[in-house]
Amino acid sequence: MSFLAASPSPYHAVANTAERLEKAGFRQVAETDAWDGTHGGKYVLRGGAIVAWYVPEGAEPHTPFHIIGAHTDSPSLRVKPRPDSGAHGWRQVAVEIYGGPLLNSWLDRDLGLAGRLTLRDGSSVLVNVDRPLLRVPQLAIHLDRSVSAEGLKLDKQRHLQPVWGLGDDVLDGDLIAFLEQEAGLTAGSVTGWDLMTHPVEPPAYLGRDRELVAGPRMDNLLSVHAGAAALAAVATSGAPLTRIPVLAAFDHEENGSQSDTGADGPLLGSVLERSVLARGGSFEDRARAFAASVCLSSDTGHAVHPNYAERHDPTHHPRVNGGPILKVNVNNRYATDGAGRAVFAAACEKANVPFQSFVSNNSMPCGTTIGPITAARHGIRTVDIGVAILSMHSVRELCGADDPFLLANALTAFLEG
């Protein structure tokens with residue numbers, strides 16, 4: 001819950017992940033430096049993505065990888081290149097829709113603003129205004145009587161621009177000047193930005209027995225957190241490892257993964273190959289390592305909804321707090337096959353963690369993940385898993401309080417080989 005609250009953007013998520021791994025003895029390596037083949041934990045940061053790995057003592061160049069894949073981005077409202085706008089005495093911020101958010105869930109929420117500011121010298125700093133700053137006000141029912149009968153209809157351009165103050169004059173540069181001040185920067189020093197809104201309401205336990213957790217960005221920071229916890233655990237356990245454990249958390253999954261920090265980019269393959277070569281390996285060693293490697297693509301999935309049970313497959317009703325889910329789709333929207341199922345089943349059995357199966361209703365389209373992309377791009381066997389939640393892509397999602405712990409334990413057993 002603290003990880004969710006402290007990670008309002010992908011850039012904050014990878015910074016927090018790196019901080020937790022450093023406490024477990026990991027160190028950052030730059031992509032522009034020459035790498036060595038020494039054992040220990042290392043990680044690479046690139047924008048909103050992180051790839052971390054632990055090389056055990058005595059690892060051969062052809063030692064396979066056990067990889068946890070996840071993503072750091074979530075659907076949101078993101079600031080446009082010319083953010084300052086307004087009308088009729090209201091000052092507003094121009095935003096663009098990122099990914100596929102449940103738009104109605106962003107209405108009448110107290111929103112903060114966070115992300116990355118890039119300076120004239122090319123360096124960047126993180127900024128997080130984590131207090132009520134913006135709001136997308138909903139139209140009163142008195143001005144739209146049809147909403148009760150016909151449902152809420154939102155125009156993405158006209159109806160989702162948040163207000164953040166009063167004033168008749170739109171002052172170009174006002175928002176960035178405000179953020180420079182918030183970040184303690186010199187006026188005029190920011191020349192680029194990647195900014196997004198976020199709800200400031202913190203995660204919270206919910207339910208009679210506090211058996212649920214409500215919070216933002218569970219899709220998919222829940223998996224990032226569990227993966228980081230698992231990697232740190234195996235790196236500090238002292239147990240012998242026959243595989244090289246890896247955490248790869250990518251950006252831009254919500255809009256197709258096609259970027260230099262997305263799963264469809266070269267980052268993971270480059271890191272794994274350089275790790276092989278740094279240990280004195282050859283292309284043959286790289287091919288051997290990849291052929292024996294496995295990736296668990298961990299992303300949230302759909303728990304059975306009590307009010308919409310007919311939308312789910314009638315024989316597959318994943319429940320919250322029932323353990324992680326194994327995602328299957330025979331048309332390869334998920335990468336799981338029978339052999340992959342056996343790998344995940346073995347990890348869950350070793351960790352004494354129950355798991356459930358998920359498959360979509362045949363009458364509804366199936367979503368997808370970084371799993372098929374990873375399998376196709378790198379030729380690595382990939383299994384799609386995750387945690388079942390409700391309200392996916394809402395500004396505030398809902399999971400079982402036990403499931404993140406169960407997922408982390410299963411991932412730890414998988415990384416241990």
Side-chain angles (χ1 to χ4, degrees), residues 8-11 48 73-117 127-180 182 190 192-201 215-219 251-256 258-259 308 365 367 390-397:
S9 77
Y11 314 108
D73 61 320
S74 302
S76 61
L77 309 179
R78 300 205 171 186
V79 175
K80 288 185 174 181
R82 296 188 63 183
D84 300 293
S85 66
H88 307 292
W90 294 98
R91 294 168 68 188
Q92 295 177 276
V93 175
V95 296
E96 187 174 2
I97 311 302
Y98 178 84
L102 282 172
L103 297 177
N104 63 292
S105 70
W106 287 86
L107 301 178
D108 296 332
R109 293 273 185 178
D110 296 337
L111 303 175
L113 197 61
R116 178 178 65 175
L117 301 174
V127 64
N128 182 14
V129 183
D130 195 29
R131 64 178 187 271
L133 179 69
L134 307 122
R135 184 181 179 93
V136 182
Q138 188 169 188
L139 184 65
I141 193 170
H142 313 77
L143 303 178
D144 184 11
R145 296 289 184 180
S146 66
V147 68
S148 296
E150 300 177 11
L152 181 65
K153 298 177 182 178
L154 295 172
D155 183 284
K156 293 180 180 180
Q157 178 62 39
R158 293 185 294 124
H159 298 153
L160 290 163
Q161 308 306 309
V163 299
W164 76 302
L166 300 175
D168 290 315
D169 297 325
V170 175
L171 303 176
D172 194 30
D174 199 21
L175 179 68
I176 300 306
F178 165 77
L179 293 175
E180 287 173 335
E182 286 286 316
V190 172
W193 52 87
D194 302 278
L195 300 166
M196 58 211 70
T197 60
H198 67 274
V200 298
E201 183 182 3
R217 300 176 297 278
M218 291 182 182
D219 179 14
D251 201 351
H252 301 131
E253 188 273 348
E254 297 293 356
N255 59 13
Q258 292 185 321
S259 71
Y308 300 90
L390 291 183
S391 305
M392 188 184 295
H393 286 200
S394 171
V395 78
R396 197 164 176 86
E397 297 161 322

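Along the sequence shown, residues carry numbers from 1.
Proximity of a side-chain donor or acceptor of Asp84 to a complementary backbone N or O of Val170 within less than 3.5 Å is not detected. No side-chain donor-acceptor contact under 3.5 Å links Glu182 to the backbone of Asn128. Using modelled atom types, no side-chain atom of Ser394 and backbone atom of Leu102 make a donor-acceptor pair closer than 3.5 Å.
Looking at Leu179 and Trp193, their side chains never come closer than 4.5 Å, going by heavy atoms from C-beta outward. Lys153 has its side chain out of reach of Asp144: every pair of non-hydrogen atoms, C-beta onward, lies at least 4.5 Å apart. You'll find the side chain of Leu113 stays beyond 4.5 Å of the side chain of Phe178, heavy atoms only. By the 4.5 Å heavy-atom criterion applied to side chains, Arg135 and Pro162 are not counted as neighbours. Counting heavy atoms from C-beta outward, Asp219 and Glu254 have side chains that approach closer than 4.5 Å. Using a 4.5 Å cut-off on side-chain heavy atoms (C-beta onward), Leu154 and Leu107 make contact. Counting heavy atoms from C-beta on, the side chains of Leu117 and Leu195 come closer than 4.5 Å. Two residues are said to be in side-chain contact when any heavy atoms from C-beta on lie closer than 4.5 Å; His252 and Gln258 fail this criterion.
Here OG of Ser105 is found 11.5 Å from CZ of Arg396. Values are rounded to the nearest 0.5 Å. Within the model, atoms NE2 of His198 and CG of Asp110 stand 11.0 Å from one another, a figure rounded to the nearest 0.5 Å. One finds the CG atom of Leu133 at 8.5 Å from the CG atom of Leu111 (value rounded to the nearest 0.5 Å). Note that the CG atom of Leu134 and the CZ atom of Arg109 stand 15.0 Å from one another [nearest 0.5 Å]. Here the CZ-OG1 distance, from Arg78 to Thr197, works out to 9.5 Å after rounding to the nearest 0.5 Å.
Heavy-atom contacts from other residues, nucleotides or ligands closer than 6.0 Å to CG of Asp169 number 12 or fewer. Within 6.0 Å of NZ in Lys156 there are 12 or fewer heavy atoms belonging to other residues, nucleotides or ligands.
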CA sep, side-chain torsions, deciding dist, call: Leu390, Met392, side chain to side chain contact (heavy atoms under 4.5 Å, CB included): CA-CA 6 Å; Leu390 291 183; Met392 188 184 295; over 6 Å; no
Test log, rule side chain to side chain contact (heavy atoms under 4.5 Å, CB included), inputs Tyr11 and Met196: CA-CA 11 Å; Tyr11 314 108; Met196 58 211 70; 4.1 Å; yes
Candidate pair Val136 and His159, rule side chain to side chain contact (heavy atoms under 4.5 Å, CB included), full reasoning: CA-CA 8 Å; Val136 182; His159 298 153; over 6 Å; no
Stepwise side chain to side chain contact (heavy atoms under 4.5 Å, CB included) check, Leu152 with Leu103: CA-CA 10 Å; Leu152 181 65; Leu103 297 177; over 6 Å; no
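Here the closest non-hydrogen pair linking Ile141 and Ser148 is CD1-OG, 3.5 Å. Closest of all the heavy-atom pairs between Trp106 and Pro101 is NE1-CB, 3.6 Å. Arg217 approaches Pro199 most closely through the heavy-atom pair NH1-CD, 4.0 Å. The minimum heavy-atom distance between Ala94 and Ser85, with the atom names listed, is N-OG, 3.8 Å. Looking at every heavy atom in both residues, Gln161 comes nearest to Val93 through OE1-O, 3.5 Å.
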